[in-house]
Amino acid sequence: MSDKKQKKQHKLKARLPRGFVDRSPADIRATDEMVAKIKAVYERYGFDPVETPIFEYTDCLGKFLPDQDRPNEGVFSVADDDEQWMSLRYDLTAPLARHVAENINEIQLPYRTYRAGWVFRNEKPGPGRFRQFMQFDADTVGAPGVQADAEMCMMMADTMEALGIAHGNYVIRVNNRKVLDSVMLATGLGGDEEAWRRLAVMRALDKRDRLGLQGVIQLLSPKGRVDESGDHTPGAGLSDEQITRLLNTFGWGEEGSGSKSSVSSGITIGNLIDRLEQYEVSAEGARELQTINELVRSAGYGEDQIDIDPSVIRGLEYYTGPVYEAELLFPVTNEKGETVVFGSVGGGGRYDGLVKRFTGQDVPATGFSIGVSRLMTALKNLGKLGQEDVVAPVLVTVMDGDTASLGKYQKFVQDLRQAGIRAEMYQGNWKKFGNQLKYADRRGCPLAIIQGSDERERGVVQVKDLIEGKRLSGEIADNVTWRESRPAQVEIAEADIVSEITRMLAEHAEDRAKSS
RNA sequence: GCGGGCGUAGCUCAGUUGGUUAGAGCGCUGGAUUGUGGCUCCAGAGGUCGGUGGUUCAAAUCCACCCGCUCGUACCA
């Protein structure tokens with residue numbers, strides 16, 4: 001075997017686990033900017049940050065979920081050295097419940113808190129769906145009244161506004177788990193033996209935005225639905241009458257029917273209450289919605305911001321009361337060139353049972369979660385993010401590698417830094433000078449400072465404007481001329497470096513402002 | 001999980017009915033040019049043809065299984 005071949009076999013393939021991404025400088029800066037804006041809103045509402053680790057003991061995370069027949073499915077788990085199972089958190093709510101329960105004696109309830117962090121899901125990744133992503137949550141723990149839910153809705157709306165999403169481009173849609181329960185009961189889906197059917201119905205209803213009303217009806221019917229690849233999804237097995245009753249309650253049926261047929265939230269709720277009473281099931285959930293509606297209206301929020309909508313589902317099984325969802329309404333163009341509505345960027349609801357399973361005592365709570373990456377994609381589409389690019393540093397090039405010369409270069413750099421200007425000295429192989437400018441060019445450096453022995457003796461430096469030079473390059477075809485003409489280059493005194501560089505950078509900024 | 005499509009250089013791809021040593025463009029490295037980015041020219045490095053097994057005198061090419069990517073679907077705390 002040749003040396004070459006042996007070398008080859010030792011070479012590792014660099015590869016990223018599927019569903020994970022490396023984050024670029026632009027992405028990190030954009031995220032920081034967005035998170036800062038969200039945080040400012042939460043702080044103003046009087047919420048305090050708290051952070052929990054990314055690992056939790058597995059039993060603290062998920063086994064309580066009623067719809068989870070396979071407890072460890074979907075989470076990344078490892079055994080600790082004492083053989084206890086730990087998992088990476090898959091949301092920020094379960095860890096918060098654990099934190100509150102564990103510190104229940106120290107925490108002053110109601111506890112108003114927020115946190116941003118990475119969560120992990122061991123699922124099949126897809127476009128825009130990763131196995132690690134960031135959520136930004138806010139919760140009020142120990143607040144039993146729907147006024148806490150109303151406040152959450154208002155805070156979500158304020159967050160959207162703070163991010164520059166205008167009225168009409170978003171809406172917070174509010175429903176109540178109890179309404180869904182009543183509707184299920186009215187449709188004849190009460191009782192434990194119908195639990196699977198209720199689940200199937202809710203899954204079907206939740207797919208309306210993707211499959212359309214006809215798709216939902218197929219999934220509700222006994223026939224089920226056949227997709228493009230020929231795969232068959234079993235239906236929920238509802239009768240035509242049951243389906244009609246369901247759809248009419250949500251207002252998805254015939255024109256003018258159902259609760260959502262009116263333009264006013266007040267009338268929506270009135271219709272809903274009438275209908276539930278007519279079916280002889282509890283209207284408590286609907287009355288809670290009525291309270292929330294009145295609270296947000298008197299706080300000045302319009303129906304274009306916070307809207308009561310009985311068709312909001314939210315998949316989470318642990319919700320016990322009001323649920324809410326932030327939806328973006330503006331159209332975006334996806335990778336395929338299709339125009340689609342962006343959809344949900346976050347949601348939440350009331351989870352009164354989550355802390356109780358640790359403490360045994362009632363600790364009602366409500367909160368919501370924002371999908372940071374997803375919302376960021378949306379903001380980019382709106383042009384609300386990453387508008388101002390960070391200017392690359394000024395490069396001080398190295399002509400001579402002796403310690404005295406390097407010391408001078410380093411001093412230039414420090415002077416610039418102290419004036420608040422990003423600057424760096426070239427740290428590669430300084431003997432190839434052409435490479436230094438090539439480096440500056442590709443990094444996007446606006447200016448390069450050059451000082452050889454000749455300039456040093458005279459106490460001056462050359463300042464090269466790389467942006468102007470790039471523009472001039474189009475007019476020069478011959479390389480010898482290009483080099484000798486030294487385009488866009490000026491000589492200044494060492495003492496003037498900071499003031500001159502400051503002036504030149506300000507000119508660049510002005511040009512950028514003009515062209516955009 | 002189920003079904004369809006696709007895997008050839010760092011990237012985008014060509015490669016004829018199975019037939020000699022698998023190619024191009026871009027990128028990368030060096031040089032023309034020991035102190036000046038772009039353009040141009042020259043040279044060079046870089047490949048288990050996704051993996052394993054099979055059919056064959058002969059496989060990048062045909063077959064089987066596996067892995068990965070992708071689209072649809074299911075699930076999604």
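Naming convention: chains lettered A, B, ... in sequence-line order (proteins, then strands); numbering from 1 in each chain.
Residue contacts shown for A:D91 are limited to sugar-phosphate atoms, with no base heavy atom under 4.0 Å away. Looking at heavy-atom distances under 4.0 Å, A:T93 makes no contact with the nucleic acid at all. Among the protein residues, A:K464 comes within range of the nucleic acid bases, having at least one heavy atom under 4.0 Å from a base atom. Base engagement by A:K470 is indicated by at least one non-hydrogen atom pair under 4.0 Å involving a base atom. Counting non-hydrogen atoms under 4.0 angstrom, A:I450 reaches a base of the nucleic acid. Contact annotation for A:G434: backbone-only contact, meaning every heavy-atom pair under 4.0 Å involves sugar-phosphate atoms and none involves a base. A:D465 comes within 4.0 angstrom of a nucleotide base, judged by non-hydrogen atoms across all strands.
Checked against the 6.0 Å centroid criterion, the rings of A:Y439 and A:Y426 qualify as a close aromatic pair. For A:Y42 and A:F136, the distance between ring centers is under 6.0 angstrom.
Base pairing of B:C65 is made with B:G51, judged by Watson-Crick or G-U wobble geometry with both donor-acceptor distances under 3.5 Å. Of the nucleotides present, B:C2 is the one that pairs with B:G72 by Watson-Crick or G-U wobble criteria, both distances under 3.5 Å. Nucleotide B:U40 forms a Watson-Crick or G-U wobble pair with B:A32, both donor-acceptor distances falling under 3.5 Å. Across all strands shown, B:A22 has no partner, as no Watson-Crick or G-U wobble contact with both distances under 3.5 Å is found.
Side-chain atoms of A:Q489 and base atoms of B:U36 include a donor and an acceptor less than 3.5 Å apart. The base of B:G35 lies close enough to the side chain of A:E455 for a donor and an acceptor atom to sit less than 3.5 Å apart. For a distance-only test at 3.5 Å, the side chain of A:R203 fails to qualify as a donor-acceptor partner of the base of B:C75.
Taking the P atoms as reference points, B:C28 lies 15 Å from B:G10, given to the whole Å. The gap from the P atom of B:C42 to that of B:G5 amounts to 44 Å, rounded to the nearest Å. B:C63 and B:A24: their P atoms are spaced 29 Å apart (whole Å). If you take atom C1' in B:A9 and the same atom in B:G15, they sit 14 Å apart, rounded to whole Å. With P as the reference atom, B:U70 and B:G30 are 35 Å apart, rounded to whole Å. The separation of B:G51 from B:G68, taken at their P atoms, amounts to 15 Å, rounded to a whole angstrom. Comparing B:C13 with B:U52, their P atoms sit 25 Å apart, to the nearest whole Å. Taking the C1' atoms as reference points, B:C49 lies 33 Å from B:U73, given to the whole Å.
Atom CD of A:E51 has 12 or fewer heavy atoms from other residues, nucleotides or ligands within 6.0 Å.
Proximity note for A:K207 (side chain, C-beta onward) versus B:C75, B:U73, B:U36: the nearest is B:C75. Comparing B:G37, B:G35, B:G68 by their closest approach to the side chain of A:S453 singles out B:G35.
Between A:E123 and A:F433, the residue anchored closer to the 5' end of RNA chain B is A:F433, taking for each the nucleotide with the nearest heavy atom. Taking the nucleotide of RNA chain B with the nearest heavy atom to each of A:D454 and A:S473, the more 5' of the two is matched to A:D454.
In this structure, A:L395 places its CG atom 16 Å from P of B:U36, rounding to the nearest Å. Nucleotide B:G35 holds its C1' atom 4 Å from the CE atom of A:M399, rounded to whole Å. Rounded to whole angstrom, the span from the CZ atom of A:R18 across to the P atom of B:C71 amounts to 13 Å. Atom CG of A:N435 is separated from atom P of B:C28 by 11 Å (rounded to the nearest Å). Between the C1' atom of B:C76 and the CZ atom of A:R129 lies a distance of 6 Å, rounded to the nearest Å. In this structure, the CG atom of A:L199 is 14 Å from the P atom of B:A74, given to the nearest Å. Distance CG (A:D478) to P (B:U36): 14 Å, rounded to an integer number of Å. As a whole-Å value, the separation of A:R442 CZ from B:G27 C1' is 9 Å.
Each of A:Q451, A:E455, A:R486 was scored for a side chain to side chain donor-acceptor pair (under 3.5 Å) with A:Q462, with one residue passing: A:E455.
Of the N and O atoms on the side chains of A:Y324 and A:T366, at least one donor lies less than 3.5 Å from an acceptor on the other residue.
In this model, the phosphate group of B:G37 is approached by a side-chain N or O of A:W482 to a distance below 4.0 Å at OP1 or OP2. Taking side-chain N and O atoms only, A:K124 has no distance below 4.0 Å to OP1 or OP2 of B:G72.
Between A:R112 and A:E151, at least one side-chain nitrogen of the basic residue sits less than 4.0 Å from a carboxylate oxygen of the acidic one, meeting the salt-bridge criterion. A salt bridge does not link A:R314 to A:D206: none of the charged nitrogens lies less than 4.0 Å from a carboxylate oxygen.
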*Verdict with supporting geometry, A:T31 and A:R23, side chain to side chain donor-acceptor pair (under 3.5 Å)*: CA-CA 10 Å; A:T31 304; A:R23 301 175 68 218; 3.1 Å; yes
